[in-house]
Amino acid sequence: MRIKSLSINNFRSYYGENEFTFTDGLTLIIGDNGDGKTTFFDALKWLLDPALEKADINNISEMRKLELEIGEVETVSVSMTFDHDGEKMVEKSFIVERQNEDKYITRSFSFKGYETQGAERYQVSGKSLIVRCFDSFIQRYSMFKGESTLNVFDDPDALKMLVDKLSDIREFDEYVEITDEFEAKSSTAYEKECKNDKKTEKEAHALESQKTEVNARISNIRRDIRDTEKSADLFASKIEVLEKNQEASERYQELKKLIKSREEDVLQWKGRISAHNFNVNLLDKYWILAPFGPILEEFRKKASAFSKEKRTLQDTFIAQKAKEEGRNEILDEISSLANGVSRLPWYLPDQDTMQEMIDDEVCKVCGRPAPKGTEAYEFMVSKLNEFRKHLEAKKKSEEAKLKDAELFVNRYIEQMHNLSISLDGSKAQDISELAETIFGKLELLETFKRELAKAEDKLQEAMDDKARLLIQVEGVTEEQLDLDFHNLKGFFEQKGKAEKKLVELREELRQALADKQAIEDKYDSLNPGSSMAKVYQKVHIILRNIANAFKESKELNLTRFLAEIQDRANDYLARLNTQDFHGIIKLVRTSQDTTEIRLLSANGRAITDPSGSQLTTMYMSVLFAISDLTSDKREEDYPLIFDAPTSSFGGMKESGFYNIIDSIEKQCIIVTKDFLDDLGRIDENKINQLTCTVYRIKKQAGFNQDDLSTIRTIITPIK
């Protein structure tokens, strides 16, 4: 199978119609973060996944979606033209309709296939065409998103799947099962005849008892071996993690101390800054007066003028009041009777005496009678009324005095004057110096802030270093890095004990199997008297030999199959690392019948801490090997499609890697941000060294970082 072209129409950031054309070898699609690399891979994955048979509104281009008028429709589609026993094409599509301002609906999902026979082109089911030409097994070993998906043997079923699809080993399964069944039945029949035969009856019963015991022993030993292998594998994996991350853990501990120290620096500078409380200083320390020197001087002058004016008005008021009160007293004193004789003061005689004289009709001053109706009587009544009138006037006068005791009821001017006096002298000098003081404080505060910013930058650097460290040791938590590596010794001891026990158990198993074989040999060497028992004996021996032959052949073929993958993978590994140390790939079967990919040195030592680029080239070498075997088995080649497989590579490693891939006669499509500098420009010198097809994908200029509907991927053929 060879992909000839891919058309993406209004799928996410790919607005409108977009076309990619592919060659037989390498095709590079280069784009920066957010330019549409992953969307390209997702579009292809969406097209090729037979299980995805429904429209997803999230797949439509947001730019095109926004342009739709109410009632207008648009088609979202991805189609691929490819060669596979002739030219074929598969297309997945659906229609989007805008119903109102905010509502969109999808309909008319379609998954069509087309194949050419002679001059005719026929429509077929897209799903059946993909299943026939590019099934899930091929996709599993052909399409990879990121570096983390490259190790196909992470899946415990990977080996079985490869064996089933790419080797003839699975054909042994049926024969092994059949011969085992026949051998078991023939053994049972033979042993039964031996126990019924008088000549062998006693010995057969003894052998049966021994066989039952040894089978139970073998079963128990195998169970113990499985458990011990699991323990050994567990301790080995823990040791591998600890050894792999020992340097990272030590670095992590250093960073923890550094981060704590820098956090303390940040808190210290924040504490110094918070000590300069501007809100408090503004009022409590009169900082608010700093810009008001001229206003303060004007305030003092006006406060003084108001105080002076108040005193003048108050003195005038008091003098006027005294004058009025003095005149009233004089008038009272100089008032006289009609004949010019001075009158008695109004308060003499007193009110009670006057009332008594009126009641008694006698003037008790001169002692003469004053009957009612006489002039003397009326004089006394008049005198009493005058007394009462004076009391009323005096009362009103007292009330008026209380009311008009002061011209200024409140003391605002005095308070203002006192404040003016308090702000004079040293206070005024302090206020005049506030601006300079504040400037000094602000300058000091800015110094503190600059130091805080530096401390925060240093803290962020340490935090970034920690984040980078955690990224480098993917899958390992901070808690794991924080482990005390004294545990390493304990893990080694436990692993050593498990391995020692395994040696002992395997020896026990070997001995038990030898004992079983000896028992079976004794069974086989019995000389029964019955002719039927002798026939069963011969059949049993033949079937047992056949069953063992099939088992040994299956195991031998599986070993050869893995060895073939391993040899081809090492050929690719050497080619992908021509200028670098690459090690040797070893495919190891575990106790759980799974396979692990390990990297060894030539001396057999495991490389426990390979670099990211070493892991990537190791996994990709295995993938190329599997691809070759797939092509050999199915007599059809298949493309390899990668999304960002080399993010851990450096510049030199990256360039050499692509040069090698470019020379391999295999269709390979790689979506990557390699070959871009920090400004997003393509390194043309490196590109010119390649012979492959190269596309540049990039966001259209003028997009809004906050608005997805402004994002559009532009495709530019580079070479």
Side-chain angles (χ1 to χ4, degrees), residues 25-26 28 140-155 158-159 162 166-167 240 244 472 474 558-590 594-633 637-670 672 674 689-690 692:
L26 175 64
L28 287 180
R140 177 189 180 88
Y141 293 95
S142 296
M143 301 182 68
F144 304 93
K145 188 174 184 178
E147 286 181 305
S148 61
T149 63
L150 296 178
N151 184 6
V152 292
F153 285 112
D154 270 346
D155 186 341
L159 177 60
L162 284 173
L166 301 181
S167 78
E240 184 177 352
K244 181 178 179 180
Q472 290 170 1
E474 184 178 359
L558 180 57
T559 302
R560 288 174 178 172
F561 177 71
L562 288 177
E564 186 175 4
I565 296 177
Q566 182 176 290
D567 291 343
R568 294 194 187 207
N570 278 305
D571 287 341
Y572 278 112
L573 186 65
R575 295 170 65 184
L576 292 175
N577 294 273
T578 52
Q579 305 297 326
D580 242 339
F581 169 78
H582 52 77
I584 299 171
I585 293 173
K586 183 75 173 175
L587 299 182
V588 180
R589 290 176 63 192
T590 69
T594 61
T595 301
E596 292 180 355
I597 308 174
R598 296 180 184 172
L599 195 62
L600 307 179
S601 177
N603 61 6
R605 180 180 175 274
I607 300 171
T608 58
D609 190 18
S611 67
S613 61
Q614 286 174 329
L615 285 174
T616 296
T617 53
M618 177 179 72
Y619 294 143
M620 291 188 74
S621 297
V622 174
L623 292 176
F624 281 128
I626 293 172
S627 178
D628 284 349
L629 285 175
T630 305
S631 300
D632 293 345
K633 178 67 177 178
D637 206 359
Y638 295 91
L640 291 172
I641 305 163
F642 299 97
D643 176 21
T646 58
S647 58
S648 62
F649 283 18
M652 293 298 294
K653 181 74 175 179
E654 155 198 308
S655 181
F657 172 82
Y658 286 108
N659 287 331
I660 299 300
I661 297 293
D662 190 24
S663 67
I664 295 175
E665 295 179 2
K666 182 179 291 292
Q667 187 177 45
C668 189
I669 301 169
I670 299 180
T672 180
D674 295 335
Q689 296 174 18
L690 303 173
C692 63

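Computation of the quantities below employed the complete heavy-atom set of this structure, encompassing side-chain atoms and omitting hydrogens, waters and symmetry-equivalent molecules.
- Considering only residues two or more places apart in sequence or on other chains, Glu564 meets the side chain to side chain donor-acceptor pair (under 3.5 Å) condition with Arg568.
- With rounding to the nearest 0.5 angstrom, the OG atom of Ser627 is 11.0 Å from the CE atom of Met620.
- By the side-chain contact (heavy atoms from CB on, under 4.5 Å) test, Arg140 pairs with Asp155, Ala158, Met161, sequence neighbours left out.
- Considering every non-hydrogen atom in both Ala625 and Ile565, the closest pair reads CB-O, 3.6 Å.
- Residue Ser142 holds its OG atom at 9.0 Å from CG of Leu623, rounded to the nearest 0.5 Å.
- Legend: residues meeting side-chain contact (heavy atoms from CB on, under 4.5 Å) with Ile584, ordered by chain and number and at least two apart, are Asn570, Ala602.
- Interatomic distance, CG of Leu573 versus CD1 of Ile585, reported as 4.5 Å (0.5 Å rounding).
- If you run side chain to side chain contact (heavy atoms under 4.5 Å, CB included) between Ile661 and each of Leu26, Leu640, Leu28, only Leu26 comes through.
- Looking at Tyr658 and Asp674, their side chains come closer than 4.5 Å, going by heavy atoms from C-beta outward.
- Residue pairs that meet the salt bridge (Lys or Arg N to Asp or Glu O under 4.0 Å) test with at least one member in residues 612-628, sequence neighbours left out, are Asp628-Lys666.
- Looking at residues two or more places apart in sequence or on another chain, you find no side-chain contact (heavy atoms from CB on, under 4.5 Å) involving Asp571.
- By the ring-ring contact (aromatic ring centres under 6.0 Å, His included) test, Tyr572 pairs with Phe624, sequence neighbours left out.
- Remark: Phe642 CZ to Met143 CE distance equals 11.0 Å, nearest 0.5 Å.
- Applying the salt bridge (charged side-chain N to carboxylate O under 4.0 Å, His left out) test to Arg598 and every residue at least two apart in sequence or in another chain returns Glu596.
- Going from atom CG of Leu690 over to atom CG of Asp662 covers 5.0 Å, rounded to the nearest 0.5 Å.
- Side-chain contact check for Tyr619 versus Ile597: some heavy-atom pair is nearer than 4.5 Å.
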